[in-house]
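One structure is given here, and the rest of the page talks about it.
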Amino acid sequence: MFEGPVQDLIDELGRLPGVGPKSAQRIAFHLLAADAADVTRLQEVLQKVKEGVQFCEVCGNVSEHERCRYCADARRDPTVVCVVEEPKDVLAVERTREFKGRYHVLGGALDPLGGIGPDGLRIRELLARLGGTGPASDEGDISEVIIATDPNTEGEATATYLVRLLKDFPGLSVTRLASGLPMGGDLEFADEMTLGRALAGRRVLS
């Protein structure tokens, strides 16, 4: 244990995803050795993120404005919506250059053991979009929902739940990414070619 602020910094860094105790200690001492200007710049960027970044009123992606660049882009197809778990998954799909529609970010996946149920995700907002209400009422009719949750236990449970909710919407095609993605992984770690093929070859669920 180190004294005072140093240990406090290590403890706070250790709370970040994927940062263990040793990594937190290395980062802390790197910051201690860095120029004051570099630390100040990092502090300012973190403050700007907290104050200036919000979530898109339509899809839930991170954005500087009320609508993210994908929802605000009139060239994208509003009739096809790709449902993903996190904003990072939007970037993963975009890297494939296969998808030209809009997105819906759930904000996670169903995880009963972790205390995350349907009410903890942006499922109500998705249903509102499909019903033509809410901020996205100007999108028009949605004809296809692509479920692109992660190929793991939580992602599959979320996909199954969504299919049950969406199957009764008239004229709506619900599809799932084709097989080929490694089970137990995350979309963000799939290579562009594999994810692109999974997207292009998606299978109809209802």
Side-chain angles (χ1 to χ4, degrees), residues 53-110 116-151 154-181 186-188 190 192 194-206:
V53 176
Q54 55 189 309
F55 293 97
C56 175
E57 65 175 5
V58 175
C59 73
N61 190 22
V62 291
S63 175
E64 287 187 89
H65 310 286
E66 288 186 352
R67 294 197 176 193
C68 70
R69 58 180 172 176
Y70 306 115
C71 289
D73 189 348
R75 295 169 298 179
R76 299 188 75 100
D77 185 358
T79 68
V80 183
V81 173
C82 182
V83 178
V84 297
E85 294 181 18
E86 304 284 356
K88 59 184 174 57
D89 300 323
V90 171
L91 295 181
V93 175
E94 281 297 298
R95 284 197 299 267
T96 69
R97 302 181 184 275
E98 289 284 342
F99 184 65
K100 304 302 180 185
R102 304 275 176 87
Y103 292 94
H104 188 86
V105 181
L106 294 172
L110 293 176
I116 302 175
D119 291 340
L121 304 177
R122 298 186 69 259
I123 294 175
R124 283 192 300 272
E125 289 83 350
L126 175 61
L127 298 179
R129 290 181 74 175
L130 294 172
T133 61
S137 58
D138 59 343
E139 283 187 315
D141 293 336
I142 295 173
S143 60
E144 181 184 0
V145 170
I146 305 169
I147 300 178
T149 50
D150 289 340
E154 293 81 7
E156 291 298 328
T158 305
T160 301
Y161 181 82
L162 289 176
V163 170
R164 289 205 307 267
L165 288 180
L166 303 181
K167 66 180 181 180
D168 294 329
F169 276 84
L172 179 66
S173 175
V174 181
T175 59
R176 181 81 167 115
L177 296 181
S179 57
L181 294 173
D186 295 339
L187 287 191
E188 65 171 322
E192 288 88 343
T194 300
L195 183 53
R197 283 199 296 261
L199 188 63
R202 57 189 181 273
R203 61 189 189 275
V204 178
L205 301 179
S206 70

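- Within a 6.0 Å sphere centred on CD of Glu66, heavy atoms belonging to other residues, nucleotides or ligands number 12 at most.
- With a 4.5 Å cut-off on side-chain heavy atoms, Leu106 and Thr149 count as touching.
- Two residues are said to be in side-chain contact when any heavy atoms from C-beta on lie closer than 4.5 Å; Arg76 and Arg69 fail this criterion.
- Within the 4.5 Å cutoff, the side chain of Leu177 has heavy atoms near those of the Leu195 side chain.
- In this structure, Arg129 and Cys59 have side chains that are in contact, with non-hydrogen atoms separated by less than 4.5 Å.
- Put simply, CG on Leu121 and NE2 on His104 are 9.0 Å apart, with the number rounded to the nearest 0.5 Å.
- Between Val105 and Phe55 the shortest side-chain heavy-atom distance does not fall below 4.5 Å.
- The two residues Cys56 and Ser63 have their closest heavy-atom pair at N-CB, 4.3 Å.
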Query - Worked check of salt bridge (charged side-chain N to carboxylate O under 4.0 Å, His left out) between Arg202 and Glu98 - result: CA-CA 12 Å; Arg202 57 189 181 273; Glu98 289 284 342; over 6 Å; no

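- Taken to the nearest 0.5 Å, the CG atom of Leu162 stands 10.5 Å off from the CG atom of Leu205.
- A 4.5 Å side-chain heavy-atom check between Thr175 and Val204 finds at least one atom pair inside the cut-off.
- Interatomic distance, CG of Leu199 versus OG1 of Thr96, reported as 5.5 Å (0.5 Å rounding).
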Requested in this report: Begin with the C-alpha distance, continue with both residues' side-chain angles, and end with the deciding distance and a verdict on side chain to side chain contact (heavy atoms under 4.5 Å, CB included) for Asp150 and Asp89.
Outcome: CA-CA 9 Å; Asp150 289 340; Asp89 300 323; 4.0 Å; yes

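- To the nearest 0.5 Å, the span separating OG on Ser143 from CG on Leu130 amounts to 10.5 Å.
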**Report entry** Test side chain to side chain contact (heavy atoms under 4.5 Å, CB included) applied to Tyr103 and Val93, step by step
**Finding:** CA-CA 10 Å; Tyr103 292 94; Val93 175; 3.4 Å; yes

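- Ala159 and Ile147 make their closest contact through CB-CG2, 3.6 Å (heavy atoms, listed as atom of the first residue, atom of the second, distance).
- Between the CG atom of Leu126 and the CZ atom of Arg122 there is a distance of 8.5 Å, given to the nearest 0.5 Å.
- Counting heavy atoms from C-beta outward, Cys68 and Val62 have side chains that stay 4.5 Å or more apart.
- Taking 4.5 Å as the limit, some side-chain heavy atom of Phe99 sits within range of a side-chain heavy atom of Val80.
- Using modelled atom types, one side-chain atom of Thr158 and one backbone atom of Leu110 make a donor-acceptor pair closer than 3.5 Å.
- In this structure, Asn61 CG and Tyr70 OH are separated by 6.5 Å, a value rounded to the nearest 0.5 Å.
- Residues Asp141 and Thr79 approach most closely at O-CG2, 3.5 Å, considering heavy atoms.
- Heavy-atom neighbours of Arg97 CZ from other residues, nucleotides or ligands within 6.0 Å: at or below the threshold of 12.
- Annotation: Gln54, atom CD; neighbour count of heavy atoms from other residues, nucleotides and ligands within 6.0 Å is above 12.
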